[in-house]
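As the structure lists them, so they are numbered: ligands from 1, and atoms in each ligand from 1.
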Amino acid sequence: MDALEAIRSRRSIRRYKNATIPRHDLETIVDAGRLAATGSNRQPWNFVIVTEKPMIVNFKVSTPWVESASAVIVVVMDPKSHWWVEDGAAAIENMLLASTALGYGSCWVEGDVLLHEDRIKSLLDIPADQRVMALIPIGIPAETPQPSKKPLEEVLHWERF
Ligand SMILES: Cc1cc2nc3c(=O)[nH]c(=O)nc-3n(C[C@H](O)[C@H](O)[C@H](O)COP(=O)(O)O)c2cc1C
């Protein structure tokens with residue numbers, strides 16, 4: 001699948017089939033995050049891949065349906081870095097697209113992550129000075145949502161707004 005096809009076909013998937021994702025595919029997805037654009041090339045990120053079901057079930061505090069995911073990537077950012085939010089967003093989108101390209105469904109989950117950030121950090125031994133920006137559940141899609149999108153002509157302006 002080429003990049004434009006992945007961009008056009010990516011959808012947030014919130015229901016997954018029961019399956020195991022090969023380790024190599026999960027590494028490929030995180031590698032796409034690692035290669036994202038990042039202000040001044042600071043790369044203020046770490047990624048924790050969680051595949052153990054009892055741990056994934058703990059993430060239900062962020063949003064209940066994540067427990068059906070085969071894996072969850074926890075995006076950990078260094079808030080001391082100037083553009084950590086922008087950098088994290090770029091890495092997350094790259095990972096969503098890589099998941100799509102490999103045939104998996106995924107979703108950008110912030111939900112109640114912030115409310116339960118300390119719990120998630122403690123479960124995963126994430127250092128106190130780091131932030132959990134989002135969870136990315138991944139699995140074989142068990143739904144095909146079609147959210148409406150604004151038409152191009154509504155948001156595209158040539159030369160002037
Ligand atoms: C910053 C951000 C936070 C999001 N948090 C959640 C979330 O907590 N739970 C969820 O189900 N989807 C979440 N999403 C996914 C959006 O709901 C989804 O992208 C949007 O509805 C458009 O659908 P699409 O991704 O299929 O195009 C989030 C997306 C972004 C960019």
Side-chain angles (χ1 to χ4, degrees), residues 1-19 21 25-26 28-30 32-39 42-51 53 55-79 81-121 123-124 126 130-156:
M1 186 184 292
D2 72 18
L4 278 179
E5 200 182 338
I7 289 166
R8 288 180 180 133
S9 58
R10 183 210 60 79
R11 293 277 75 86
S12 291
I13 302 298
R14 302 176 178 86
R15 285 181 51 228
Y16 309 99
K17 294 179 183 164
N18 194 7
I21 301 179
D25 284 354
L26 292 169
T28 299
I29 293 166
V30 167
R34 177 184 72 87
L35 295 170
T38 158
R42 290 187 185 177
Q43 307 170 61
W45 42 50
N46 282 274
F47 309 98
V48 183
I49 299 175
V50 177
T51 58
K53 206 65 186 180
M55 182 61 88
I56 289 176
V57 169
N58 284 317
F59 299 149
K60 275 199 311 187
V61 293
S62 64
T63 196
W65 53 263
V66 292
E67 70 172 323
S68 75
S70 301
V72 174
I73 298 170
V74 181
V75 180
V76 182
M77 300 298 298
D78 181 353
S81 192
H82 189 73
W83 297 286
W84 71 276
V85 174
E86 294 89 334
D87 292 350
I92 292 167
E93 185 69 12
N94 266 15
M95 290 189 279
L96 299 180
L97 292 172
S99 301
T100 303
L102 291 172
Y104 299 110
S106 60
C107 187
W108 181 328
V109 173
E110 292 197 12
D112 288 336
V113 169
L114 287 186
L115 270 181
H116 300 280
E117 188 179 4
D118 287 344
R119 167 98 180 119
I120 294 169
K121 282 165 71 170
L123 284 167
L124 300 175
I126 295 169
Q130 300 294 297
R131 297 296 308 272
V132 175
M133 181 164 169
L135 307 181
I136 307 179
I138 298 174
I140 306 282
E143 62 175 4
T144 52
Q146 300 293 331
S148 71
K149 297 288 176 182
K150 292 180 180 176
L152 185 61
E153 56 272 21
E154 186 183 327
V155 297
L156 168 62

Any heavy-atom pair between the side chains of Leu124 and Phe59 that's under 4.5 Å? yes

Close side-chain approach of Cys107 and Trp65, heavy atoms under 4.5 Å: yes

Part of Pro147 within contact of ligand 1 (heavy atoms, under 4.0 Å): side chain

re atom 3 (C) of ligand 1, the protein heavy-atom contact at minimum distance is Trp108 CD1, 3.6 Å

List the closest protein heavy-atom neighbour of atom 16 (C) of ligand 1: residue, atom name, distance to the nearest 0.1 Å. Arg14 NH2, 3.8 Å

In short, Val76 meets Gln130 closest at the heavy-atom pair CG1-CB, 3.6 Å

Would the number of heavy atoms belonging to other residues, nucleotides or ligands and lying under 6.0 Å from CZ of Arg42 be above 12? yes

More than 12 heavy atoms of other residues, nucleotides or ligands under 6.0 Å from CG of Asn18: is that the case? no

Does Thr63, backbone or side chain, put an N or O under 3.5 Å from an N or O of ligand 1? no

N/O to N/O below 3.5 Å, does that happen between Gly111 and ligand 1? yes

State whether a side-chain donor-acceptor pair under 3.5 Å links Glu110 with Trp108. yes

From atom 22 (C) of ligand 1, work out which of Glu110, Arg11, Lys149 has a heavy atom at the shortest distance. Lys149

Protein non-hydrogen atom found under 4.0 Å from atom 6 (C) of ligand 1: yes

Does ligand 1 have any atom sitting under 4.0 Å from a heavy atom of Pro145? no

